[in-house]
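So that the names make sense, note that chain A is the first sequence line, chain B the second, and so on, each numbered from 1. The model shown is predicted, which means the values in this text are computed figures rather than measured ones.
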Amino acid sequence: MSDLMQIYHKLFTHYGPRDWWPAESPFEVAVGAILTQNTNWSNVEKAIVNLKAAAVLSSPAICALERGRLEELIRPSGFFRQKAERLQLFTNHLRDHYAHDLQGLLQRSLNTARAELLALKGVGPETADSILLYAGERPSFVVDAYTGRLFGRLGLLSGSENYMQIRALFMTGLPTEVPLYNEYHALIVAHCKEFCRKKPRCTGCPLTAICPYNLHQ
DNA sequence: GGCCAGGACACCA
DNA sequence: TGGTGTCATGGC
């Protein structure tokens with residue numbers, strides 16, 4: 001079994017299915033992907049609750065919202081001015097090209113849809129891949145800071161790889177299966193939240209047997 | 001009271 | 001192309 005699959009199985013055995021992405025619709029996934037940029041998910045949840053309570057968690061509604069009102073609603077997620085602009089750039093794009101139907105974008109070829117998302121100001125590689133995988137169920141592996149940190153500590157990355165190189169490691173080393181990509185990224189996040197933050201906690205870590213990090217404390 | 005969180009972008013050398 | 005500053009709230 002490959003190192004990647006071995007790690008996956010250890011994580012899955014320890015944490016179980018993560019049931020990602022926590023959202024009621026693909027559009028909510030996309031909104032969450034933008035709001036969670038460099039932000040704790042609990043803060044994003046507060047913003048999502050606000051949007052739902054105001055009945056504006058839809059592309060047409062966000063388009064139509066006055067900017068200051070949108071900022072107010074998403075304020076708990078932090079960087080609220082940037083994120084309000086990014087959300088409206090995103091929904092304006094859906095309005096202009098897909099009559100507000102996110103599926104129209106998500107059903108294009110993977111590389112085309114990805115390039116289209118990346119062309120939007122405020123949508124970088126992680127946000128684009130999160131939308132493609134978790135909203136579109138497309139096989140685009142999501143890389144985040146946790147991924148680089150964990151697999152660097154495990155010795156599978158040197159630390160000099162860029163986003164696309166890390167993504168390619170997973171996409172060439174794993175079978176092209178959406179449920180696997182979905183679960184793997186979610187497991188990496190679950191694991192890193194508990195054991196692999198900037199200051200690691202190794203006691204009880206399910207990867208101790210294959211992780212040399214705790215030997216270097 | 002500092003650190004950190006499910007990034008992205010502008011600017012600069 | 002790589003490094004640095006900026007954006008901001010909330011939990012621990």
Side-chain angles (χ1 to χ4, degrees), chain A residues 8 11-12 15 17-24 26-51 53 67-93 114-138 140-153 157-167 170 178 180-201:
Chain A
Y8 173 79
L11 292 174
F12 188 85
Y15 297 101
R18 308 309 304 161
D19 192 27
W20 266 33
W21 183 292
E24 295 177 359
F27 182 76
E28 184 180 330
V29 172
V31 169
I34 291 171
L35 293 182
T36 198
Q37 291 170 357
N38 202 36
T39 298
N40 190 303
W41 181 255
S42 65
N43 287 6
V44 176
E45 285 182 321
K46 301 179 200 305
I48 298 276
V49 165
N50 288 347
L51 292 171
R67 176 68 62 85
R69 174 60 175 153
L70 180 58
E71 291 177 355
E72 180 184 336
L73 292 170
I74 68 169
R75 174 182 284 269
S77 72
F79 306 120
F80 57 89
R81 296 184 188 90
Q82 280 189 357
K83 289 175 180 177
E85 178 190 18
R86 292 173 182 185
L87 284 176
Q88 290 191 315
L89 288 171
F90 176 65
T91 56
N92 287 345
H93 183 79
R114 189 170 192 274
E116 192 171 319
L117 287 167
L118 289 175
L120 294 171
K121 181 183 175 185
V123 178
E126 184 187 339
T127 304
D129 289 327
S130 294
I131 292 171
L132 290 166
L133 179 62
Y134 291 105
E137 299 183 347
R138 306 301 300 277
S140 200
F141 199 90
V142 179
V143 174
D144 63 359
Y146 286 151
T147 311
R149 190 181 304 159
L150 174 59
F151 287 83
R153 287 175 183 171
L157 294 172
S158 71
S160 64
E161 296 87 353
N162 62 31
Y163 185 97
M164 287 303 281
Q165 290 170 322
I166 298 175
R167 179 173 177 264
F170 287 89
V178 168
L180 175 62
Y181 285 12
N182 177 321
E183 198 63 52
Y184 209 151
H185 174 68
L187 286 167
I188 290 168
V189 173
H191 177 71
C192 288
K193 280 183 173 177
E194 187 168 359
F195 294 105
C196 207
R197 292 179 180 268
K198 289 185 178 178
K199 292 181 180 177
R201 182 171 73 82

*Among B:dA5, C:dG11, B:dA8, find the nucleotide with the atom closest to the side chain of A:R86.*
B:dA8

*Consider the side chain of A:F79, meaning its heavy atoms from C-beta on, and name the nucleotide among B:dG7, B:dA10, B:dG6 that approaches it most closely.*
B:dG7

*Which nucleotide in the set B:dC9, C:dT9, B:dG6 lies at the smallest distance from any side-chain heavy atom of A:Y146?*
B:dG6

*Distance, rounded to the nearest Å, where A:L35 contributes CG and C:dA8 contributes P*: 13 Å

*Would you say A:R81 reaches C:dC7's phosphate, i.e. side-chain N/O to OP1/OP2 under 4.0 Å?*
no

*Just checking, is any N or O donor in the side chain of A:R167 or A:S140 under 3.5 Å from an acceptor N or O on the other one?*
yes

*Just how far, in rounded Å, is P of B:dG6 from CH2 of A:W21?*
10 Å

*Would you say the base of B:dG7 and the side-chain of A:N38 have a donor-acceptor pair closer than 3.5 Å?*
yes

*Taking the six-membered ring of A:F80, is NZ or CZ of A:R75 closer than 6.0 Å to its centre and within 45° of its axis?*
yes

*Have a look at A:D144 and say if it touches a base, only the backbone sugar-phosphate, or nothing, with a 4.0 Å heavy-atom cut-off.*
sugar-phosphate

_At 4.0 Å (heavy atoms only), tell me whether A:Q82 reaches a base, stays on the sugar-phosphate, or touches nothing._
base

*Base, sugar-phosphate, or nothing: which does A:G78 touch, judged by heavy atoms less than 4.0 Å apart?*
base

*asked:* Heavy atoms from C-beta onward define the side chain here; which of C:dT9, B:dG7, B:dA5 lies closest to that of A:N40?
replied: B:dA5

*Aromatic ring of A:Y163 stacked on base six-ring of B:dG7, 5.5 Å, 30°*: no

*Value in whole Å for how far the P atom of B:dA8 lies from CZ of A:F90*: 14 Å

*Which residue lies toward the 5' end of DNA chain B, A:L118 or A:G32, if each is placed at its nearest nucleotide?*
A:G32

*Using atom CD of A:E71 as one end and atom P of C:dT9 as the other, report the distance to the nearest whole Å.*
11 Å

*Closest to side chain of A:W20, choosing from B:dG6, B:dA8, C:dT9*: B:dG6

_Interatomic distance, A:E45 CD vs B:dG6 P [rounded to whole Å]_ = 11 Å

*asked:* If you count every heavy atom of other residues, nucleotides or ligands that lies below 6.0 Å from A:E137 atom CD, does the total exceed 12?
replied: no

_Would you call the rings of A:F90 and A:F27 parallel, tilted or perpendicular, taking 30° and 60° as the class edges?_
parallel

*Separation of A:L150 atom CG from B:dG6 atom P, in whole Å?*
14 Å

*Please state the P separation for the pair C:dT6 and B:dG6 - nearest whole angstrom.*
23 Å

_Below 30° counts as parallel, above 60° as perpendicular, anything between as tilted: where do the rings of A:Y134 and A:H185 land?_
tilted

_Pair A:L11, A:Y184 - check side chain to side chain contact (heavy atoms under 4.5 Å, CB included), show working._
CA-CA 8 Å; A:L11 292 174; A:Y184 209 151; 4.2 Å; yes

_Categorize A:L120 for me: base, sugar-phosphate, or nothing, with a 4.0 angstrom heavy-atom threshold over every strand shown._
sugar-phosphate

_Pairwise 5' ranking along DNA chain C for A:S77 and A:S160, keeping only the more 5' one_ = A:S160

*Assign A:T127 to base, sugar-phosphate, or nothing according to its heavy-atom contacts below 4.0 angstrom with the strands shown.*
sugar-phosphate

*asked:* For a quick check of understanding: with a heavy-atom distance under 4.0 Å over all strands, which category does A:V123 fall into, base, sugar-phosphate or nothing?
replied: sugar-phosphate

*Could you work out which one of B:dG7, B:dC4, B:dA10 sits closest to the side chain of A:R197?*
B:dC4

*May I have the distance from A:I74 (atom CD1) to C:dG10 (atom C1'), rounded to whole angstrom?*
15 Å

*Using a cut-off of strictly less than 4.0 Å, decide whether A:K193 has a side-chain nitrogen or oxygen near OP1 or OP2 of B:dC4.*
no

*For C:dA8 and B:dC11, measure between their P atoms and round to the nearest Å.*
16 Å

*Reckon A:R149 has a side-chain N or O less than 4.0 Å from the OP1 or OP2 of B:dA5?*
yes

*Take atom NZ of A:K46 and atom C1' of C:dT9, then tell me their distance rounded to the nearest Å.*
10 Å

*If you look at every strand shown and take non-hydrogen atoms under 4.0 Å, does A:R18 touch a base, only sugar-phosphate, or nothing?*
nothing

_Candidate pair A:L70 and A:L51, rule side chain to side chain contact (heavy atoms under 4.5 Å, CB included), full reasoning_ = CA-CA 8 Å; A:L70 180 58; A:L51 292 171; 4.0 Å; yes

